[in-house]
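Reminder, nothing fancy here: chain letters follow the sequence lines and each chain counts from 1.
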Number of protein chains: 2
Amino acid sequence: MSKAEDLTKVKSCPTHFVLAINDTLNVLIGKWKLPIIGSLLFGKKRFRELEREIPRITPRMLSKELKDLEINGIVKRTVHDTIPVTVEYELTESGRSLNSVLDAMIEWGLDHRKMSIAPEKAA
Amino acid sequence: MSKAEDLTKVKSCPTHFVLAINDTLNVLIGKWKLPIIGSLLFGKKRFRELEREIPRITPRMLSKELKDLEINGIVKRTVHDTIPVTVEYELTESGRSLNSVLDAMIEWGLDHRKMSIAPEKAA
DNA sequence: TATAGTGCTATACTAAAGTATAGTGGTTAC
DNA sequence: GTAACCACTATACTTTAGTATAGCACTATA
């Protein structure tokens, strides 16, 4: 029995799985999380590099989202005391392990596009 | 090679996988989508049943989210011309197949809670 | 006639997410 | 000395998501 089938046991055990799903959603939700994670899958990046690689992101949003991702243990921030300081961002083990989730999402997304007439009408 | 590793090919092929992930995120995002899907995993439900089963949801949000889910091919709406009319909502095949995605999310979420000190600080 | 149930919609509001623009405090190159 | 790069932060704004409250058109029951 799959864990999602277990979700049908939500009445007897709601918090456990629902919270786990929400944790996962929270690290992916937001306009810029995916582009940032995608960019960091290439390896360590500095602030300005990310800014350049992600079109139209503002420094405010990049800073905010990186902080979120850091708090959530997805991204590791390293300050090198060069002059001027350089800061590097990289995915943690947790961050890299999101791969399996993204895989499942890609698979569902592609299958669903095949089936659905108008998936692009999504809000 | 996993599809998410393929995501590192984002520079050469950005739209394909990124759009698939966004499709998947879009059907799950929002305060009420998961409770609704969770409730419909038990089987067909009527509007008022969903209203009763999902604490604190307003009819406005339930109506709106069900419409979203219907447009996205996750939920099927059936009107029976009884008097007064009864309306039934159920998951489509696409909706039920979200199981695999939810499974991956549960797994990552649980693992991540083990590792992370303060995942509940997520926005 | 009144109350409650069916499946919603309308209007108006608050809160959260995201954008635009400017500026900080430092260093290095011209 | 002035322009540009580094890694941001501050302030103010717009846009989107969600809430609160009321009501519609219908029927069945007391």
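Taking the side chain as every heavy atom from C-beta outward, Glu65(B) and Asp68(B) approach each other to under 4.5 Å.
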Using atom names, set out every protein N or O paired with an N or O of nucleotides 19-24 of chain C below 3.5 Å, distance rounded to 0.1 Å.
{"from": "dT19(C)", "atom 1": "OP1", "to": "Lys31(A)", "atom 2": "NZ", "distance (Å)": "2.5"}
{"from": "dT19(C)", "atom 1": "OP2", "to": "Trp32(A)", "atom 2": "NE1", "distance (Å)": "3.0"}
{"from": "dT19(C)", "atom 1": "O4", "to": "Arg60(A)", "atom 2": "NE", "distance (Å)": "2.9"}

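Summarising the geometry, the separation between NZ on Lys45(B) and P on dG7(C) is reported as 13 Å, rounded to the nearest angstrom. Rounded to an integer number of Å, the gap from Arg52(B) CZ to dG7(C) C1' is 12 Å. Remark: P of dA10(C) and NZ of Lys64(B) are 15 Å apart, rounded to the nearest angstrom. In this structure, the CD atom of Glu65(A) is 16 Å from the C1' atom of dT9(D), given to the nearest Å. Going from atom OH of Tyr89(B) over to atom P of dT6(C) covers 13 Å, rounded to whole Å. Distance Glu49(B) CD to dG5(C) P: 14 Å, rounded to the nearest Å. Rounded to an integer number of Å, the gap from Leu62(A) CG to dA10(D) P is 16 Å. As a whole-Å value, the separation of Phe47(A) CZ from dC5(D) C1' is 13 Å.
For DNA chain D, the residues of residues 74-83 of chain A within the heavy-atom distance limit of 4.0 Å (strictly under) are Arg77(A), sorted by number.
Legend: residues meeting side-chain contact (heavy atoms from CB on, under 4.5 Å) with Leu25(A), ordered by chain and number and at least two apart, are Ile21(A), Asn22(A), Ile29(A), Leu25(B), Leu28(B), Leu34(B), Met105(B). Residues passing the side-chain hydrogen bond (donor to acceptor under 3.5 Å, both in side chains) test with Thr92(B): none are found, sequence neighbours excluded. Evaluation of the side-chain contact (heavy atoms from CB on, under 4.5 Å) rule for Glu49(B) yields Lys45(B), Arg46(B), Arg52(B) as partners, not counting sequence neighbours. Applying the salt bridge (charged side-chain N to carboxylate O under 4.0 Å, His left out) test to Arg60(A) and every residue at least two apart in sequence or in another chain returns nothing. Not counting sequence neighbours, the partners of Arg48(A) by the salt bridge (charged side-chain N to carboxylate O under 4.0 Å, His left out) test are Glu51(A). Scored by the side-chain hydrogen bond (donor to acceptor under 3.5 Å, both in side chains) test, Glu88(B) finds His80(B) as partners (sequence neighbours excluded).
Between dA7(D) and Arg48(A), no contact under 4.0 Å exists linking OP1 or OP2 to a side-chain N or O. Considering only side-chain N and O atoms, Ser63(B) lies nowhere under 4.0 angstrom from the phosphate OP1 or OP2 of dC8(C). Taking 4.0 angstrom as the limit, Arg46(B) places a side-chain polar atom (N or O) nearer than this to OP1 or OP2 of dG7(C).
Summary of the strand contacts: Thr86(B) and Ile29(A) both lie near DNA chain C, and taking for each the nucleotide with the nearest heavy atom, the more 5' one is attributed to Thr86(B).
The stretch residues 89-100 of chain A participates, sequence neighbours left out, in these salt bridge (charged side-chain N to carboxylate O under 4.0 Å, His left out) pairs: Glu93(A)-Arg96(A).
Remark: dT15(D) base-pairs with dA16(C). Criterion, Watson-Crick or G-U wobble with two distances under 3.5 Å.
Panel note: side chain His112(B), backbone Gly73(A); no donor-acceptor pair is recorded below 3.5 Å.
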